[in-house]
Amino acid sequence: MTSKSTHAARLAALMTMLGRGQWVDLTPVIENGMPRWPSHPPVVVHRTVTHEHDGYFNQTIFMSEHSGAHVDAPIHGHPDARTIETFPPEFLVRRAKVVHWERREWRPGETATRADFEQWERTTGKTIQNGEIVLVNYGWLSRHWRLDRAWKWYAENMPGMNEEVADLLLDRGVAAVGTDTIACGSAVIEGRAVAPPPRNCWLHDKLLRADVLLIECLKNLELLPDECLFLALPLPIKGGSGSPIRAVAFLPEEEPLSAQT
């Protein structure tokens, strides 16, 4: 059994390390007018209780489980699969590999291939490994996230990943995959998925079925190095098909914070 003094010393060392590192917020602000999957309800943030009327301030928030930065649980795509509250709270606290493709001119409906991922591994010297999270940055959110009447373009157009990528990630044993698009892995043109129905997205079909979680609508991925600590905590929603998350990345003290090439 660990003594109280040893526990306190380890906690102090951890707090020192976390205080010296750099934190990067990967979560878009939750606000009215934010992009959403077109068939999902809009986010509504309402000033319900105000200082002027009630003497204190309290807002009401109406949103789906898949609003803003969020995670998809297996049941989102597969009946009788696991729901979000069945995953342990630390499930999305892991080492992450960050695939930087933001300087490539991606088009709606275009799909990344196994060769693209293998080229990234050769170029960076990094290897996607068992139990890790893979974060893919297309540069989509930084270019196309809007709050005005043009918000829907971001939601109805995006690059994705093909079936061989889904198989590669399954073979590597990843725990989760995240992107800066609104539907991780889905290649979509004007609201129509490129993959044939009923699958529409190979990651949603194969990865969710294997209890690999999908993370969507991440920002600031271009600020990260090729490897980091990723942390996100889903809400324990009973029977949840997913959950909004506060996603962040932690960079140890020696890691520079700079955009990648």
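Fair warning: this is a prediction, and the values are worked out from it, not measured in the lab.
- Interatomic distance, Trp37 CH2 to Lys152 NZ, rounded to the nearest 0.5 Å: 11.5 Å.
- Contact annotation: the side chain of Ser142 never approaches that of Glu102 to less than 4.5 Å [non-hydrogen atoms, C-beta and beyond].
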For this session: Please report the C-alpha distance between Lys97 and Thr124 in whole Å, then the side-chain angles of each, then the deciding distance to 0.1 Å, and finally whether the side-chain contact (heavy atoms from CB on, under 4.5 Å) criterion is met.
Result: CA-CA 10 Å; Lys97 297 291 171 52; Thr124 62; over 6 Å; no
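- A donor-acceptor pair is defined here as one N or O able to donate and one able to accept, closer than 3.5 Å; no such pair exists between the side chain of Ser5 and the backbone of Ser3.
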Discussion item. Assess the residue pair His40 and Ser67 against the criterion (side-chain contact (heavy atoms from CB on, under 4.5 Å)); give the C-alpha distance rounded to whole Å, side-chain angles, the decisive distance to 0.1 Å, and a yes or no.
Written reply: CA-CA 8 Å; His40 291 177; Ser67 298; over 6 Å; no
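- Here the side chain of Glu65 pairs a donor or acceptor atom with the backbone of Ser241 at under 3.5 angstrom.
- Residues passing the salt bridge (Lys or Arg N to Asp or Glu O under 4.0 Å) test with Glu163 are Lys206, sequence neighbours excluded.
- The cluster map of Ile, Leu, Val, Met, Phe, Trp and Tyr, joined by side-chain heavy atoms under 4.5 Å apart, puts Ile84 and Leu207 in different clusters.
- In this structure, Asp25 and Val248 have side chains that are in contact, with non-hydrogen atoms separated by less than 4.5 Å.
- Under a hydrophobic-cluster definition in which Ile, Leu, Val, Met, Phe, Trp and Tyr are linked whenever side-chain heavy atoms come within less than 4.5 Å, directly or via other members, Val134 and Ile182 are assigned to the same cluster.
- In this structure, Leu213 CG and His70 NE2 are separated by 11.5 Å, a value rounded to the nearest 0.5 Å.
- One N or O on the side chain of Asn157 and one on the backbone of Glu190 form a donor-acceptor pair closer than 3.5 Å.
- Using a 4.5 Å heavy-atom cutoff, the side chains of Pro28 and Trp145 are in contact.
- Side chain of Asn162 to backbone of Val165: a donor-acceptor contact under 3.5 angstrom is found.
- Hydrophobic clustering (ILVMFWY, side-chain heavy atoms < 4.5 Å, transitive): Tyr138 and Leu168 are in one cluster.
- In this structure, Arg94 has no salt bridge (Lys or Arg N to Asp or Glu O under 4.0 Å) partners at least two apart in sequence or on a different chain.
- The hydrophobic cluster containing Val49 also includes Tyr56, under a criterion of side-chain heavy atoms closer than 4.5 Å among ILVMFWY residues, counted directly or through chains of members.
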Kindly list each side-chain donor-acceptor pair under 3.5 angstrom involving residues 172-179, sequence neighbours excluded, with atom names and distances?
residue: Arg172; atom: NH1; partner: Glu121; partner atom: OE2; Å: 2.5
residue: Arg172; atom: NH1; partner: Ile128; partner atom: O; Å: 3.2
residue: Arg172; atom: NH2; partner: Glu121; partner atom: OE1; Å: 3.2
residue: Thr179; atom: OG1; partner: Thr181; partner atom: N; Å: 3.2
residue: Thr179; atom: OG1; partner: Thr181; partner atom: OG1; Å: 2.7

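- Ile30 is not connected to Phe57 by any chain of hydrophobic side-chain contacts under 4.5 Å among Ile, Leu, Val, Met, Phe, Trp and Tyr, and they are in different clusters.
- Distance alone, capped at 3.5 Å, places no donor-acceptor pair between the Arg209 side chain and the Ala81 backbone.
- How far CD of Glu216 is from CG of Leu141: 12.0 Å, rounded to the nearest 0.5 Å.
- Contact check for His144 versus Trp153: side-chain heavy atoms found under the 4.5 Å cut-off.
- Checked against side-chain hydrogen bond (donor to acceptor under 3.5 Å, both in side chains), His76 has the following partners two or more places apart in sequence or in another chain: His66.
- The salt bridge (Lys or Arg N to Asp or Glu O under 4.0 Å) check on Arg114 picks up Glu118, with sequence neighbours excluded.
- Atoms CG and CZ, on Asn137 and Arg104 in that order, are 13.0 Å from each other to the nearest 0.5 Å.
- A donor-acceptor contact shorter than 3.5 Å is absent between the side chain of Asp72 and the backbone of Gly242.
- Here the CE-CD distance, from Met34 to Glu31, works out to 7.0 Å after rounding to the nearest 0.5 Å.
- Sorted by first and then second residue, the pairs that involve residues 218-250 and meet ring-ring contact (aromatic ring centres under 6.0 Å, His included), not counting sequence neighbours, are Trp23-Phe250.
- Between the side chain of His78 and the backbone N or O of Asp205, at least one donor-acceptor pair lies under 3.5 Å.
- Sorted by first and then second residue, the ring-ring contact (aromatic ring centres under 6.0 Å, His included) pairs with a member in residues 166-188 form an empty list; sequence neighbours excluded.
- When only modelled atom types and interatomic distance are considered, Glu85 and Thr83 share a side-chain donor-acceptor pair under 3.5 Å.
- Within 6.0 Å of CG on Asp148 lie more than 12 heavy atoms contributed by other residues, nucleotides or ligands.
- Looking only at distances, no side-chain donor or acceptor of Trp151 sits under 3.5 Å from a matching main-chain atom of Arg36.
- Under a cut-off of 6.0 angstrom, the local environment of CZ in Arg107 is sparse, with at most 12 non-hydrogen atoms contributed by other residues, nucleotides or ligands.
- With respect to Leu218, the side chain to side chain contact (heavy atoms under 4.5 Å, CB included) criterion is satisfied by exactly one of Thr27, Leu135, Val136: Leu135.
- Within 6.0 Å of the NE2 atom in His53, the count of heavy atoms belonging to other residues, nucleotides or ligands does not exceed 12.
- Across all their heavy atoms, Ile75 and Gly240 have their closest contact at CG2-O, 3.7 Å.
- Each of Leu231, Leu233, Ile133 was evaluated against Leu92; a single residue qualifies, Ile133, per the side chain to side chain contact (heavy atoms under 4.5 Å, CB included) test.
- The neighbour count for Arg192 CZ, taken as heavy atoms of other residues, nucleotides or ligands under 6.0 Å away, does not exceed 12.
- Pairs of residues two or more places apart, or lying in two chains, that qualify as ring-ring contact (aromatic ring centres under 6.0 Å, His included) and include a residue from residues 110-137 are Trp101-Phe117.
- Under the side-chain contact (heavy atoms from CB on, under 4.5 Å) criterion, Ala195 pairs with Trp202, sequence neighbours left out.
- Both Trp106 and Val99 belong to a single network of hydrophobic side chains, linked directly or stepwise wherever heavy atoms of I, L, V, M, F, W or Y lie under 4.5 Å apart.
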For His46 and Phe62, what are the C-alpha separation, side-chain angles and deciding distance, and is it a side-chain contact (heavy atoms from CB on, under 4.5 Å)?
-> CA-CA 8 Å; His46 181 260; Phe62 174 83; over 6 Å; no
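- With sequence neighbours excluded, the residues satisfying side-chain contact (heavy atoms from CB on, under 4.5 Å) with Ala249 are Val24, Leu26, Leu224, Cys228.
- For the pair Arg146 and Tyr154, the cation-pi criterion (under 6.0 Å, within 45° of the ring axis) is not fulfilled.
- If you take CD on Glu253 and OG1 on Thr16, they are separated by 10.5 Å, rounding to the nearest 0.5 Å.
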Practice problem: Please lay out, stage by stage, how Val194 and Ile189 fare under the test side-chain contact (heavy atoms from CB on, under 4.5 Å). | Solution: CA-CA 7 Å; Val194 172; Ile189 303 173; 4.3 Å; yes
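- In terms of modelled atom types and a separation under 3.5 Å, the side chain of Thr111 and the main chain of Gly160 share no donor-acceptor contact.
- Of the possible polar contacts, one joining the Ser243 side chain to the Leu235 backbone as a donor-acceptor pair under 3.5 Å is found.
- Legend: residues meeting salt bridge (Lys or Arg N to Asp or Glu O under 4.0 Å) with Lys126, ordered by chain and number and at least two apart, are Glu227.
- Residues Leu251 and Pro225 share a closest heavy-atom pair of CD2-CD, 3.6 Å.
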